[in-house]
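I have placed the structure first, in the form of structure tokens, so that the comments after it can refer back to it.
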Amino acid sequence: MKLRILTAIVAATLFASPQLATAQDVHSGHDHAGHSHATKATGPHGGTVQTVGDRRVETVIADKGIMFMILGKNDQPIAPPDATGTLKLRVGDSEKEYTYQLKTLKNLAIGVGVDLSKVVDQPLHMNVEITSIGSQPLVFHAMGKLASGKLSDELLISLQATCPVSGQPLGSMGKPPKITIGDKSLFVCCAGCTKKVEASPDQYLTKYYTAKGEQVREGVFKSTLADAAAIAAQKTCPVMDEPLGGMGVPGKVNVNGKAVYICCPGCAKKLVAEPDKYLAALKAKGITPPAF
């Protein structure tokens with residue numbers, strides 16, 4: 001597949017907003033001069049952080065490029081203007097390697113503009129060398145992928161909960177058949193209910209994509225399909241930094257008039273106690289919660 005390098009102007013500006021998809025899995029590399037060690041922490045710009053020598057590097061993968069942030073005090077990028085480097089990229093199981101020259105971007109990340117839209121959800125293997133950053137180059141290996149931004153069928157099923165035709169719990173009659181209507185999906189309990197949904201799709205879409213979730217405890221509501229787009233945009237719980245949906249149906253909390261999603265009801269207390277802290281954390285990742 002052909003990866004198209006964007007112009008230098010685009011490369012210098014495309015990372016102005018960190019809300020793009022991020023590296024999801026960074027592994028430690030071989031024993032190069034940089035001595036890379038992976039952590040599972042999510043960085044301040046939504047990427048994945050690993051330690052390279054005595055430095056912390058955040059890898060962010062976006063649909064139009066890849067960038068690496070050397071984090072300094074208060075997790076701010078500290079790359080000098082003349083920092084350069086090389087990225088050697090492989091996609092999936094392919095042995096073909098693409099080589100890109102890295103440069104310092106306007107947000108002080110070191111990166112390159114490259115079109116990744118055709119390799120969504122495919123593993124990206126990155127061997128990186130960053131120079132002019134200190135007495136020795138930073139050499140490390142990272143892995144990640146450009147996430148599709150779509151929720152899994154499992155999470156969509158949990159948000160919908162019941163069959164729109166029979167009212168039975170989804171899964172009670174085996175794997176729920178999926179019906180795609182435009183850019184939305186609905187699930188039914190069995191194949192026999194499919195025709196009814198296909199005959200009157202708007203009726204069922206309206207019902208399930210506008211439904212409000214029940215309150216499970218004071219100030220915490222169960223999410224529904226109406227929240228699917230917002231959950232996909234937020235991705236992780238701001239309190240535990242865990243993927244939304246990993247612990248069941250995400251909770252929905254009113255935080256200063258904004259809808260913030262959490263991995264479990266137990267996170268609500270911390271969220272409500274320090275709302276500005278967690279709203280600021282979401283903002284740092286480029287996430288703007290919708291109105292509650």
Side-chain angles (χ1 to χ4, degrees), residues 1-29 36 38-50 52 57-71 77 79 83-130 138-153 183 229 231-236 243-244 284-288:
M1 59 191 69
K2 184 178 180 181
L3 302 182
R4 174 173 56 84
I5 297 183
L6 306 180
T7 65
I9 295 176
V10 173
T13 59
L14 62 87
F15 296 109
S17 173
Q19 66 184 357
L20 301 168
T22 63
Q24 294 187 340
D25 188 17
V26 174
H27 300 277
S28 59
S36 169
T39 70
K40 290 296 183 181
T42 299
H45 306 91
T48 309
V49 177
Q50 65 186 122
V52 182
V57 180
E58 180 179 4
T59 301
V60 177
I61 299 176
D63 57 352
K64 293 183 179 179
I66 301 172
M67 68 176 175
F68 307 96
M69 291 185 170
I70 300 170
L71 302 177
T84 59
T86 303
L87 165 66
K88 293 185 177 181
L89 174 68
R90 288 192 304 107
V91 178
D93 295 329
S94 173
E95 295 183 359
K96 185 172 183 179
E97 190 172 69
Y98 302 88
T99 300
Y100 301 101
Q101 297 302 310
L102 302 173
K103 61 185 293 185
T104 303
L105 308 176
K106 288 186 176 181
N107 60 351
L108 296 184
I110 301 167
V112 61
V114 54
D115 185 1
L116 300 175
S117 62
K118 294 183 179 180
V119 295
V120 172
D121 283 331
Q122 297 189 50
L124 302 179
H125 307 265
M126 296 166 282
N127 287 318
V128 185
E129 180 175 355
I130 299 176
L138 295 183
V139 180
F140 59 96
H141 174 74
M143 283 186 65
K145 64 181 179 179
L146 177 64
S148 65
K150 296 181 180 179
L151 300 183
S152 67
D153 284 354
D183 61 347
I231 291 171
Q234 185 179 312
K235 298 184 182 66
T236 59
L244 293 172
K285 295 181 179 181
I287 298 168
T288 303

Inter-residue atom distance [X].[atom1] - [Y].[atom2], 0.5 Å rounding:
X	Y	atom1	atom2	value
E58	Q50	CD	CD	11.0 Å
K103	I110	NZ	CD1	12.5 Å
L151	K235	CG	NZ	10.0 Å
E95	R90	CD	CZ	7.5 Å

Applying side chain to side chain donor-acceptor pair (under 3.5 Å) to T84 and not counting sequence neighbours gives T131
Quick check: do [X] and [Y] have side-chain heavy atoms less than 4.5 Å from each other?
X	Y	answer
I66	L116	yes
M69	N107	yes
T86	Q101	yes
V119	L146	no

Of L138, V57, T59, L87, the one forming a side-chain contact (heavy atoms from CB on, under 4.5 Å) with V128 is L87
Heavy-atom pair with the smallest gap, counting every atom of [X] and [Y]:
X	Y	result
L89	M126	CD1-CG, 3.7 Å
T99	K88	OG1-CG, 3.9 Å
M67	A109	SD-CB, 3.5 Å
H141	N127	ND1-OD1, 2.9 Å

Look at the rings of F140 and F68 and say which category their plane angle falls in: under 30° parallel, 30 to 60° tilted, over 60° perpendicular.
perpendicular
